[in-house]
Amino acid sequence: MIRVSHLFKSYGTGENKFQALADVNLDIPDGSFVAVQGKSGAGKSTLLHILGCLDDFEKGEYFLDDVNVKNLKDGKLAKLRNQKLGFVLQDFSLINHKSVLFNAMLPMFFNTTPLKEMKQKARNALKTVGLAEQENKTASQLSGGQRQRVAIARAIAGNPSILLADEPTGALDTGTSKQIMELFSKLNRQGLTVIVVTHDDTVAGCCNRKIIIQDGKIIRDSPNGEG
Amino acid sequence: MKFLKMIGNFYSRNKLSSVVLLILFCAAMLVANFAIGRYRYFTYTQKVFCNSGLDHFVYFMPAGFGPDAITLPPDEYSKKVEDYHRKIKSFHAVRSIISAPWNGSFTFQNAAGSGYTLYRDELLKAFPLRITSGRSLDADSNSDPNSGGGIDAVLCGYLYHNIKIGDTFTVRLHPYKSSQYTDVKIHAIGKMDDPAYTVSLGFGGTKVQADELFDRGSVVILRETPKLLAFLQKNSTPQISENFFIDLNPESTQKERNDCVQYLDRQGRFVTYDKIKTDTEKAVSRTLKQELPMPFFFLFVSTISLISISILFIYKNLRQNSIYYLCGCSRKKCFGYMAAGIGLISVAAGGVNIILMKNIGFLVWNGFLSVDPMIVDQKSILLIVLYELLVLFLSIGIPYTVYRRFTPIETYRRAQQ
Ligand SMILES: Nc1ncnc2c1ncn2[C@@H]1O[C@H](COP(=O)(O)OP(=O)(O)OP(=O)(O)O)[C@@H](O)[C@H]1O
Ligand SMILES: [Mg+2]
């Protein structure tokens with residue numbers, strides 16, 4: 001559950017100051033499937049980074065499952081990311097020279113999950129994304145679509161409550177994109193909150209809610225199909 | 001365990017540079033340590049010599065006792081040396097002489113290669129033993145081979161590292177060319193830890209430096225008494241080096257001194273105390289100027305490379321760290337993995353050096369390593385530790401300032417362009 005109110009984020013200082021987000025208000029209940037859209041430079045990634053506790057912000061409130069994110073330090077934020085959030089980025093962000101299994105286990109290296117359980121959970125996640133057979137290959141040996149599925153497996157292996165995706169299909173062809181979105185839909189039906197930043201309308205079409213950002217402001221927030 | 005895996009992951013990406021750094025750093029530290037050890041040996045022997053109180057003495061190196069002297073049996077040879085000493089002592093200008101210590105061998109715990117050195121009181125006074133535990137030999141020390149308690153001795157070197165002060169042990173003496181043997185009991189009253197240097201006076205040359213008057217080895221030092229010497233001469237084969245110090249009485253007449261000096265000149269070579277002192281000073285400053293700079297430069301260079309490579313590691317691992325960050329690793333922890341990886345390299349190099357320094361006595365004694373005379377001891381290890389701390393501070397602190405400048409967010413943005 002995400003609750004954001006009067007959120008401001010700017011880059012730079014003085015003359016170079018750039019307001020990337022201005023007065024963003026947002027409520028995302030558990031189990032949502034949200035698309036975030038907007039022109040390039042509108043502030044989509046910035047918003048996603050803040051929601052993902054990757055970046056800080058200067059003004060406003062952000063509650064993540066009733067945790068006030070605003071004043072948390074590096075270590076606490078990391079823990080939050082580790083426990084509640086999963087990420088899927090356009091460039092897959094995998095450790096290419098390591099095995100698929102290692103990549104899927106990675107988040108659990110930073111918490112107290114026992115090694116045995118880590119493997120178990122990672123294998124389950126790989127099964128969910130349909131890569132159970134590939135666990136010993138290195139990430140670099142896989143195709144783009146497969147890599148993105150490894151990234152999804154990694155994101156869900158630790159049972160997070162929210163999945164954040166920034167242009168997850170940006171580097172994939174239409175067919176593969178469709179598969180990825182089907183995977184997201186499936187995960188969402190299992191209860192995972194999914195937030196996808198995309199400028200692909202087909203991708204956005206799969207979601208239940210569409211948020212449009214322009215110049216750092218939310219100019220439209222509507223259930224899909226009403227737009 | 002997981003932490004180790006992540007450090008392992010750091011190395012798996014930086015294999016070659018890590019190994020090269022480790023070797024480079026190890027070698028640099030070792031060379032620097034040896035150079036310091038060398039320098040310490042030179043200054044140590046210089047100090048001992050300058051404090052010896054032999055200011056009026058000359059160091060005399062007889063030219064030998066005829067062409068067949070070397071082929072003489074040891075006991076006859078020794079007799080000749082002793083006769084020679086008597087002859088020198090008979091000069092009016094000669095107040096006394098300090099001859100080299102008697103050396104002989106025995107077997108200890110079935111190991112050959114060890115032996116005894118007999119220090120006379122004059123020798124003990126001029127070149128006091130560098131005792132590390134227990135006490136030195138003095139007039140009260142027992143030198144009676146037939147006493148039940150054993151002959152009082154100061155133990156030097158690695159061979160005796162297991163023997164404690166107060167312990168007694170037996171060594172076996174063998175006379176020259178005979179299968180008979182005699183066991184004698186030795187009582188340890190003091191120890192000179194490795195590296196232990198004893199006066200040998202074995203060196204002869206035109207230029208004599210203090211560092212050449214000492215020898216390193218595993219020996220038992222006993223106080224020489226006529227009775228003990230007679231006993232050892234009967235049951236083993238003590239030998240004496242022909243070089244010795246001569247005390248020229250400054251109160252004797254010029255003619256008396258000239259007589260003696262002319263004789264010495266004919267019979268061999270001699271150098272004065274002052275000449276040895278200045279040649280030693282030259283040798284010390286030469287070591288300082290020639291032997292120390294290169295190792296330190298090497299160490300400096302390898303430290304700089306460690307720091308630069310650490311900084312490169314930061315750049316090289318930016319993307320990987322941004323992925324860790326994404327997966328819920330804090331910024332500090334991300335750096336921690338790298339810092340541990342970098343730190344371990346220098347700690348391992350320091351560790352190898354400390355182990356080597358600690359076991360150098362063992363290595364040299366068993367012939368695994370041959371080194372020039374040098375002093376490495378606890379101080380060398382302390383130096384390594386201090387240097388290690390400095391290196392850790394630099395090789396982690398400086399890369400940290402670089403690390404702080406890059407946020408993972410920038411890395412994601414760059415990846416997306
Ligand atoms: N570190 C930074 N310093 C200055 N400006 C920045 C910085 N990061 C982002 N911006 C600016 O903030 C604005 C929003 O960036 P953001 O990446 O959120 O856009 P976006 O909507 O994700 O665009 P795209 O669709 O191209 O990914 C952009 O105009 C960008 O130039
Ligand atoms: Mg973006």
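Below, each value reflects all heavy atoms present in this structure, side chains not excepted, and no hydrogens, waters or symmetry copies. These numbers were taken from a predicted model, which means no experiment stands behind them.
Both the backbone and the side chain of Thr46(A) come within less than 4.5 Å of a heavy atom in chain B. Looking at Lys76(A), there are no atoms closer than 4.5 Å to chain B (heavy atoms on both sides), in backbone or side chain. With a threshold of 4.5 angstrom between heavy atoms, Lys333(B) approaches chain A through side-chain atoms but not through N, CA, C or O. Heavy atoms closer than 4.5 Å to chain B are found nowhere in Leu80(A), neither backbone nor side chain. For a residue to count as touching a neighbouring chain, one of its non-hydrogen atoms must lie under 4.5 Å from one of that chain's; by this rule Met108(A) touches chain B with the backbone only.
Separation of the Phe18(A) and Tyr11(A) ring centroids does not fall under the 6.0 Å cut-off. Not less than 6.0 angstrom separates the ring centroid of Tyr324(B) from the ring centroid of Phe109(A).
When all heavy atoms of Val88(A) and Ala155(A) are compared, the pair lying nearest together is CG2-CB, 4.2 Å. Shortest non-hydrogen contact noted between Ile396(B) and Gly343(B) is CD1-CA, 4.3 Å.
Counting heavy-atom pairs closer than 4.5 Å to chain B, the top residue among Leu85(A), Asn82(A), Leu77(A) is Asn82(A). Among Pro107(A), Pro160(A), Gly158(A), the residue making the largest number of heavy-atom pairs under 4.5 Å with chain B is Pro107(A).
The side-chain heavy atoms of Gln83(A) and Asn111(A), taken from C-beta on, include no pair separated by under 4.5 Å.
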Start with the C-alpha distance between Asp166(A) and Ser45(A), add both sets of side-chain angles, then the distance that settles side chain to side chain donor-acceptor pair (under 3.5 Å), and finish with yes or no. CA-CA 7 Å; Asp166(A) 195 351; Ser45(A) 297; 2.8 Å; yes

